[in-house]
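Structure, as structure tokens:
We name chains A, B, ... by the order of the sequence lines, and we start the count at 1 in each one. Nothing here was measured: the structure is a model prediction, and the numbers come from that model. Values below: all heavy atoms of this structure, side chains included; hydrogens, waters and symmetry mates excluded.
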Amino acid sequence: MNIAAQLVNCDSRENAEIARGLRRRDPDMLDRLIELYQHRLLRYLLYLTGNRELAQDLFQETWMRVLERGSQYNGQSKFDTWLFAIARHLVIDNSRKKTASSLEALQDEHDGDRPFEVAAGDPTPFDSLATVENGKRVSAALAQLDRLHREVIVLRFHEELTLEEIASITGAPLSTVKSRLYRGLAALKPTFTGARA
Amino acid sequence: MTITIHERAVELSAKALVTDLSDSEQNWLNKHVAGCPCCAAEIDARTAMLHGMKTMPILADESLVLNTQLRVRERCVEMRLKETRMAPIWISCALASAWMLFSTPYLWQMFDSIGHWLKIPDLLWQMGFLMTWFMPAVSGAVVAFWLRPKLISRVPDAPPVSPNLLASS
């Protein structure tokens with residue numbers, strides 16, 4: 001058996017174990033999962049919401065939802081994909097208790113807004129978090145992208161998910177994911193060409 | 001609109017980040033980048049920027065993690081408590097349903113015989129049958145309702161929380 005096959009087997013065993021733990025509502029296993037995915041989940045929520053406080057609330061809600069819906073996870077897909085999909089739905093639910101029902105609709109509503117703009121005096125979530133110069137530049141560039149493009153860029157290049165996994169999380173066809181990635185990369189172009197100049 | 005070879009190179013390099021390039025595309029790109037420092041610099045800058053995303057220290061606070069773990073544990077206990085409360089109700093329902101299924105034909109026959117023996121109208125013994133038929137389910141619901149407050153007071157304490165969780169809260 002080659003290394004790739006062994007890794008896949010290892011992953012599927014791990015996912016099956018997580019699924020069993022979630023069905024049992026094993027609190028120790030949930031503690032471990034929360035610790036394991038803490039940074040990735042918060043980062044994803046922060047990129048989606050642009051608001052640290054809200055991202056933290058949704059972080060907790062995501063894990064409550066994982067506990068409540070744990071029996072729905074069958075262990076056949078990767079746990080992080082399922083986790084991010086739950087988080088994404090919560091972001092949409094939270095933002096769209098008013099009208100829209102998707103991130104696309106959310107995007108339409110916020111066209112022209114600056115989603116990361118917070119109350120005066122407060123640093124933006126990215127500003128307060130990015131401590132290195134390069135990080136700051138990247139943060140600023142990402143903050144300028146719209147949510148849909150930012151989401152796929154982050155999932156692809158930060159979380160290093162496959163296109164199929166991103167499609168599963170976002171519920172969008174593969175072609176749409178690709179197209180969002182191309183557009184996101186194109187939108188980032190002025191930033192990196194500017195930095196180079 | 002025509003695109004320049006430089007634009008094509010940048011487009012292909014973006015495509016390479018999203019999906020695999022064909023051999024011919026990859027060869028063309030490699031050849032172009034080798035001879036064009038401008039495109040090479042642009043592609044390097046983008047790669048550096050995407051790599052820079054990983055260096056951004058967006059981290060979850062320890063208190064957030066500990067609070068989440070506490071909330072999840074509390075909810076676990078609540079859910080188990082709810083399941084414990086619901087158990088007698090489900091058992092009563094199951095027993096009542098099983099009893100109904102098992103006894104219906106015999107009961108019907110018995111009411112039919114008694115009705116004819118006593119010479120009472122069919123509607124009357126049929127009503128009696130229905131009342132008896134529903135009796136186990138109604139009794140089960142009453143018992144479950146009666147047991148409910150007692151079960152709540154008998155639910156075991158929450159599982160112990162690890163010391164580091166307590167220290168932080």
Item to check | Audit row: B:D112, B:H116, side chain to side chain donor-acceptor pair (under 3.5 Å) steps and yes/no | outcome: CA-CA 6 Å; B:D112 189 10; B:H116 283 101; 2.7 Å; yes
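Most heavy-atom pairs under 4.5 Å with chain B: of the set A:Q56, A:E61, A:Q60, A:R40, this distinction falls to A:Q60. The greatest number of non-hydrogen atom pairs below 4.5 Å with chain B, out of A:R25, A:Q38, A:E159, is found for A:R25. With chain B as partner, the option from A:V177, A:D26, A:D28, A:V66 having the largest number of non-hydrogen pairs under 4.5 angstrom is A:D28. Highest contact tally toward chain A, considering only B:D44, B:V72, B:L64, is held by B:L64 [criterion: heavy-atom pairs under 4.5 Å].
Interface residue A:E68: backbone and side-chain heavy atoms are both found under 4.5 Å from chain B. Heavy-atom distances place both the backbone and the side chain of A:V154 under 4.5 Å from chain B. Of the atoms belonging to B:E83, it is side-chain heavy atoms, and not backbone ones, that fall under 4.5 Å from chain A. Contacts of A:L33 with chain B are absent, with no heavy-atom separation under 4.5 Å from either backbone or side chain. Only the side chain of A:R156 comes within less than 4.5 Å of a heavy atom in chain B; its backbone stays farther off. Contacts between A:R24 and chain B at a heavy-atom distance below 4.5 Å involve the backbone alone (N, CA, C, O).
For B:R8 and B:W28, the positive end sits near the middle of the six-membered ring, less than 6.0 Å away and at most 45° from its axis.
For the pair A:R52 and B:D61, the salt-bridge criterion is met [side-chain N within less than 4.0 Å of a carboxylate O].
Checking A:Y44 against A:E151 by side-chain atom types alone, a donor-acceptor pair falls below 3.5 Å. Between the side chains of B:R46 and B:S13, at least one donor N or O lies within less than 3.5 Å of an accepting N or O.
No donor-acceptor distance shorter than 3.5 angstrom exists from the side chain of B:R73 to the backbone of A:D31, with no hydrogens or angles considered.
A heavy-atom distance below 4.5 Å is not found between the side chains of A:Y73 and A:R23.
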